[in-house]
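See below for the structure under consideration.
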Amino acid sequence: MAGNHSEFLERIKTKRWDLYKRTSHRLNIRKEDKILFYLARYPRRKFVANAVLSSKVREEDEEFSVGLNKIKIWKRQIPIRPLIESLEFIKNKNKWGGYMQGGIVKITKKDFDKILKTEKE
């Protein structure tokens, strides 16, 4: 996930996603994990792309990153608001923003497929 559009585009261009020492779920990331990209900063708050990780987490001088592969930037960005009620990983629908923080959010396969399907509709 990325906060702003220019940062997102640069990471896509380099096929490298930088992580931080305190990034949530960093230790659970595996090569071949399927991921979604969500741009959080207003006015976006939209899912904008998907990819597959081409590496496990790499560490160099206390800097962390993963490689990206099979990147697909969507023609139609998907706002999160219409999906909130149907996403299982968001338990408190009134406070949904907190579920999108931390850099990496683990979601169910069902939620992943639901978001991906929405992009294709």
- Residues passing the side-chain hydrogen bond (donor to acceptor under 3.5 Å, both in side chains) test with K72, sequence neighbours excluded, are E119

- Query: Out of curiosity, does F37 fall in the hydrophobic cluster containing Y20 (side-chain heavy atoms, cut-off under 4.5 Å, transitive links)?
  - Reply: no

- Any chance you could lay out the side chain to side chain contact (heavy atoms under 4.5 Å, CB included) test for D33 and N28, step after step, and finish with the verdict? CA-CA 10 Å; D33 280 352; N28 301 323; over 6 Å; no

- Task: Using the test salt bridge (charged side-chain N to carboxylate O under 4.0 Å, His left out), find all partners of E60 that sit at least two apart in sequence or belong to another chain.
- Result: none

- Mind checking the NZ-CD spacing from K13 to E10? Nearest 0.5 Å is all I need. 5.0 Å

- Task: Could you tell me which residues satisfy side-chain contact (heavy atoms from CB on, under 4.5 Å) with Q77, sequence neighbours excluded, listed by chain and number?
- Result: R44, K46, V48

- Note on the structure: Sorted by chain and number, sequence neighbours left out, salt bridge (charged side-chain N to carboxylate O under 4.0 Å, His left out) with K75 holds for none

- Item | Any residue meeting salt bridge (charged side-chain N to carboxylate O under 4.0 Å, His left out) with K109, in chain and number order, not counting sequence neighbours | D113

- Query: If you look at every heavy atom in K93 and L87, which pair is closest and at what distance?
  - Reply: NZ-O, 2.6 Å

- Any idea which heavy atoms bring D111 and T108 closest together, and the distance? N-OG1, 3.0 Å

- Those residues at least two apart in sequence (or on a different chain) that pass side-chain contact (heavy atoms from CB on, under 4.5 Å) with R81 are R45, I84, W96

- Are the side chain of S55 and the backbone N or O of V66 linked by a donor-acceptor pair below 3.5 Å? no

- Task: List in chain and number order the residues that pass salt bridge (charged side-chain N to carboxylate O under 4.0 Å, His left out) with D18, two or more places apart in sequence or in another chain; answer none if no residue qualifies.
- Result: R16

- Message: So which atom in F89 and which in K106 form the shortest heavy-atom distance, rounded to 0.1 Å?
- Response: CB-O, 4.3 Å

- Query: side-chain contact (heavy atoms from CB on, under 4.5 Å) with N92: which residues, sequence neighbours excluded?
  - Reply: N94, K95, Y99

- Approximate separation, where rounding is to 0.5 Å, of I80 CD1 and L39 CG: 12.0 Å

- Close side-chain approach of T23 and F64, heavy atoms under 4.5 Å: no

- Item | side-chain hydrogen bond (donor to acceptor under 3.5 Å, both in side chains) against W74, all qualifying residues, sequence neighbours excluded | N50

- Message: Can you tell me how far apart CH2 (W17) and CD1 (I12) are? Round to the nearest 0.5 Å.
- Response: 6.0 Å

- Message: Give me the atom names and distance for the closest heavy-atom approach of N69 to S54.
- Response: CB-CB, 3.7 Å

- Here the gap from T118 atom OG1 to F47 atom CZ, rounded to the nearest 0.5 Å, amounts to 9.0 Å

- Any residue meeting side-chain hydrogen bond (donor to acceptor under 3.5 Å, both in side chains) with E85, in chain and number order, not counting sequence neighbours: none

- Heavy-atom closest pair (V57 atom, R26 atom, distance to 0.1 Å) is CG2-O, 3.4 Å

- With sequence neighbours left out, write down each residue that passes side-chain hydrogen bond (donor to acceptor under 3.5 Å, both in side chains) with K110, or none if nothing qualifies. E88

- Query: Which residues pass the side-chain contact (heavy atoms from CB on, under 4.5 Å) test with E32, sequence neighbours left out?
  - Reply: V52

